[in-house]
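In what follows, a structure is listed as structure tokens, so that the remarks can point back to it.
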Amino acid sequence: MNFKAPRGTHDLWAAQAEKISFLEEVSRRIFRRYNIAEIRVPSFEDAGLFTRSIGETTDIVEKEMYVFEDRKGRKLALRPEGTASVVRACIEHQLIQNLPVAKLFYMGSMFRYERPQAGRYREFFQVGAEYFGNAAPTADAEIILLARDILTGVGLGDIRVHINSLGCAACRPVFRAALTEYFAKQQDLCGDCQRRIERNPLRLLDCKVDGPRFTDVPRMCDSLCPECATHFNRVQEFLTAAGASFQIDHRLVRGLDYYTRTIFEIRSAGLGAQDTLAAGGRYDNLVKELGGSPTPAVGFALGSERVVMAADNLGRLKLEVRPTVFIAVAGAELEPEAVKLAAALRNRAATVSGIDPAADLQVEGPYADKSLKSQLRLADKVGAARTIIFGADEFKRGTVTVRDMKTQQQEEVPITSFTA
Ligand code: HAM
């Protein structure tokens, strides 16, 4: 039996895995600058949590959730996103009341049964943040700037920020009614559009099939109530003040139902169809909807694979190259000394002349069961900068040979010279 990774999942190793870790490290650094604390939430939840928050008529809930029953018959789902879990955790542990500021970030796997293609997977990584308790437009701007800072932090300068406002409970119904009236006049709508026209007409705006022909469709900005219009204008003002360029995208609606007022997507110039790197918005009703006290909130999440792919395409993701020192031994009796030196180098208790003592060394070896020749070949393969060779004759003299792998020059040095 030959097992393969399930369709839509992927194994990541070495450089590819390190690139995701690099993005996560950059994100952590930037989250700290914004005073955001970490939260870890479960990978699966009561399925109802997602249905309730993301919305019954969304693609995610209708078609993409991994729902299963556990042995006690509980209906659970692998998390398709992080926001619902963070809100649930905040309510369960009263974090919004108990934390000085309730700003939380998370990173981890999300699961959606989508049709896999480049940049779209069934298990993918997200990095996201949620900001609770601040209804002011400064919070919306803060989240958009945060997402932008992470993307520029991994070298993505050429990104486009698309924003829109979905209004509130007062003004959205007006827009919905205008949309329903408009769509009722359209002929030959696709199956998805026909199904959604009554329950969720906003989703027709970003329909891949019909969307492009709705050229004269009503715009949300024309229906916003004065409070929502002011809020949206202030967000734009703050983004401009912070030097962030953006464009208003009247068709932007998002695939999750919990949003109110500001929504945004950040796209990359260099990616094909799956070009949305990060997305989010305000969701002022969700905490109450899930049983908490009414609390405004705004957040975002980025798709780690997509961000890494975009940065890689531009050649911007340069991982730190750490110098490698290889330790080779000619004979088992020299092993203890070789192991001792390897340990000292790894613990920064020893340094190698010619290599920056401040650098984080990678130490490889010894491989006593290999011949000296094949150890040197391996040293070459791993790109060692120096190989320290423990030879029997030198060892009797209290020395070892240090080979510069680039120039092939060798030098015999006292074994004590590393730890001086
Ligand atoms: P979302 O737009 O569904 O929003 O996902 C955010 C990002 O996750 C996308 O922009 C994309 O980069 C990545 N992504 C989504 N689906 C896939 C997939 N199948 N394969 C690879 N990457 C994917 C949310 O999840 C919201 N929770 C964001 C949010 C947080 N809103 C408020 N707070």
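Since this is a predicted model, take the numbers as computed values, not measurements. One-based numbering, in listed order, for ligands and for the atoms of each. Heavy atoms only: backbone and side chains are in, while hydrogens, waters and symmetry mates are out. The first residue in the sequence is number 1, and the count goes up from there.
Atoms of ligand 1 found under 4.0 Å from any heavy atom of G119 (numbered from 1 in listed order, with element): 20 (N), 21 (C), 22 (N). Residue E130 has at least one heavy-atom neighbour below 4.0 Å for each of these atoms of ligand 1: 30 (C), 32 (C), 33 (N). Of all atoms in ligand 1, numbered sequentially from 1 with element shown, those under 4.0 Å from a heavy atom of Y258 are 26 (C), 27 (N), 29 (C), 31 (N). For ligand 1, the atoms lying closer than 4.0 Å to a non-hydrogen atom of E114 are 16 (N), 17 (C), 18 (C), 19 (N). Close approach to F300 involves these atoms of ligand 1, each under 4.0 Å from a residue heavy atom: 29 (C), 30 (C), 32 (C), 33 (N). Within the listing of ligand 1, atoms 7 (C), 8 (O), 12 (O), 13 (C) sit less than 4.0 angstrom from a heavy atom of G303. The L256 neighbourhood of ligand 1 comprises atoms 3 (O), 4 (O), with distances under 4.0 Å to a heavy atom of that residue.
Remark: distances from the non-hydrogen atoms of R254 to ligand 1 include one below 4.0 Å.
Checking each of R112, R195, R203 against E62 for a salt bridge (Lys or Arg N to Asp or Glu O under 4.0 Å) leaves exactly one that passes, namely R195.
The shortest N/O to N/O separation between A129 and ligand 1 does not fall below 3.5 Å.
Atom CD of Q97 has more than 12 heavy atoms from other residues, nucleotides or ligands within 6.0 Å. Residue E181 places its CD atom among 12 or fewer non-hydrogen atoms of other residues, nucleotides or ligands, all under 6.0 Å distant. The 12-atom threshold is exceeded at CZ of R322, counting heavy atoms of other residues, nucleotides or ligands nearer than 6.0 Å.
Q410 and T401 are not linked by any side-chain donor-acceptor pair at a separation below 3.5 angstrom, with hydrogens and angles left out of the test. Remark: the E45 side chain and the S85 side chain contain an N/O donor-acceptor pair separated by less than 3.5 Å. Between the side chains of T83 and E130, at least one donor-acceptor pair of N or O atoms lies under 3.5 Å.
Of all the listed residues (T83, I60, T58), T83 holds the heavy atom that lies closest to atom 30 (C) of ligand 1. Of all the listed residues (R79, Q126, R115), Q126 holds the heavy atom that lies closest to atom 25 (O) of ligand 1.
The ring-ring contact (aromatic ring centres under 6.0 Å, His included) pairs that include a residue from residues 4-42 are H10-Y121, F31-F105, where partners are two or more places apart or lie in different chains.
Note on R282 versus D140: salt bridge recorded, some NZ/NE/NH1/NH2 to OD/OE distance being below 4.0 Å. Classification of R160 and D249 as a salt-bridged pair fails, no side-chain N sitting under 4.0 Å from a carboxylate O.
Of the protein's heavy atoms, Y259 OH, 2.6 Å lies nearest to atom 31 (N) of ligand 1. Counting protein heavy atoms only, atom 20 (N) of ligand 1 is closest to Y121 N, 3.0 Å. For atom 12 (O) of ligand 1, the nearest non-hydrogen atom of the protein is T276 O, 2.9 Å. Residue, atom and distance of the protein heavy atom nearest to atom 27 (N) of ligand 1 are E81 OE1, 2.5 Å. What sits closest to atom 14 (N) of ligand 1 on the protein, heavy atoms only, is F124 CE1, 3.5 Å. The single protein non-hydrogen atom nearest to atom 11 (C) of ligand 1 is R306 NH1, 3.4 Å, given as residue, atom name and distance.
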Show the numbers, then the answer: is there a salt bridge (Lys or Arg N to Asp or Glu O under 4.0 Å) between R196 and D59? CA-CA 11 Å; R196 286 179 172 152; D59 278 351; 2.3 Å; yes
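At a heavy-atom distance under 4.0 Å, only side-chain atoms of Y283, from C-beta outward, approach ligand 1. Here R120 has heavy atoms under 4.0 Å from ligand 1 in both its backbone and its side chain. For E305, no heavy-atom contact with ligand 1 is shorter than 4.0 Å.
When ring centroids are compared, Y66 and F44 stay outside the 6.0 Å threshold.
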